Structure formats: structure tokens, C-alpha cells
Amino acid sequence: MGNFKVTLDRIEENIAVLLVRDEESVRINIPLCLLPPESREGDILDITIARNVQETEDAKERVSNLIEKLRNKNKD
């Protein structure tokens, strides 16, 4: 389910309440600032969620490097 449609059901303070179109019992609350600026209640929005393999690997490598630095620092 990487691509799906939602309805902008309502805006509560600065939170957009989205209902997944195929399963309207599923709600997604996200900050309003993440939606296109012209979004209004009742709008249908396309949502895409994709796994970013490269960024995941980069983050793992950064964490691994930090852990290694900490281990080496504690040995001194």
C-alpha cells in the first residue's frame, strides 16, 4: 500500500485529520504544515510512502561509526 488516497476530513488546530479512502475507519493525523498550502477540508489527496533504502543504510552507517568512536574513546 505505498500509494493511496485520503480525504482531508477536518482540521483541528494545526493537525490535519485524514481518512483513508478505501478504509475510512483508518485515520491519519499529521501536522497541517505537511499538506499542500491550498488544501481544504473535503479535498482528496494522494499519499505516497516509499522506503528509502539508501538513506536507511547511510543512517545505520553513521550510527555504527558513532558507536565505534565511543567505544574507542572509552578505551583511552
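What you see is a predicted model, and the numbers here were worked out from it, not measured in a lab.
Looking only at side-chain heavy atoms (C-beta outward), Leu19 and Val26 stay at 4.5 Å or farther from each other. Between Ile47 and Lys5 the shortest side-chain heavy-atom distance does not fall below 4.5 Å. Between Ile49 and Phe4 the shortest side-chain heavy-atom distance falls below 4.5 Å. The side-chain heavy atoms of Arg21 and Ile44, taken from C-beta on, include a pair separated by under 4.5 Å. Between Leu18 and Leu8 the shortest side-chain heavy-atom distance falls below 4.5 Å.
From Leu66, atom CG reaches atom CD of Glu61 across 11.0 Å, with rounding to the nearest 0.5 Å. Distance check: Glu57 CD to Arg62 CZ gives 11.5 Å after rounding to the nearest 0.5 Å. The structure places CD of Glu68 at 5.0 Å from CG of Asn72, a figure rounded to the nearest 0.5 Å.
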Derivation of the side chain to side chain contact (heavy atoms under 4.5 Å, CB included) call for Gln54 and Asn52: CA-CA 6 Å; Gln54 185 60 52; Asn52 190 319; 3.9 Å; yes
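Nearest heavy-atom pair across Pro31 and Ile15 is CA-CD1, 4.2 Å. The shortest non-hydrogen separation linking Val6 to Val20 is CG1-CA, 4.0 Å. The two residues Ser39 and Leu45 have their closest heavy-atom pair at OG-CD2, 4.0 Å.
With hydrogens and angles disregarded, a donor-acceptor distance shorter than 3.5 Å links the side chain of Asp43 to the backbone of Arg40. Not a single donor-acceptor pair under 3.5 Å links the side chain of Ser64 to the backbone N or O of Lys60. Looking at Glu41, its side chain does come within 3.5 Å of a backbone N or O of Ile11 through a donor-acceptor pair.
Applying the 6.0 Å contact sphere to CG of Asn14 captures no more than 12 heavy atoms from other residues, nucleotides or ligands. Around CD of Glu38, the count of heavy atoms belonging to other residues, nucleotides or ligands within 6.0 Å exceeds 12.
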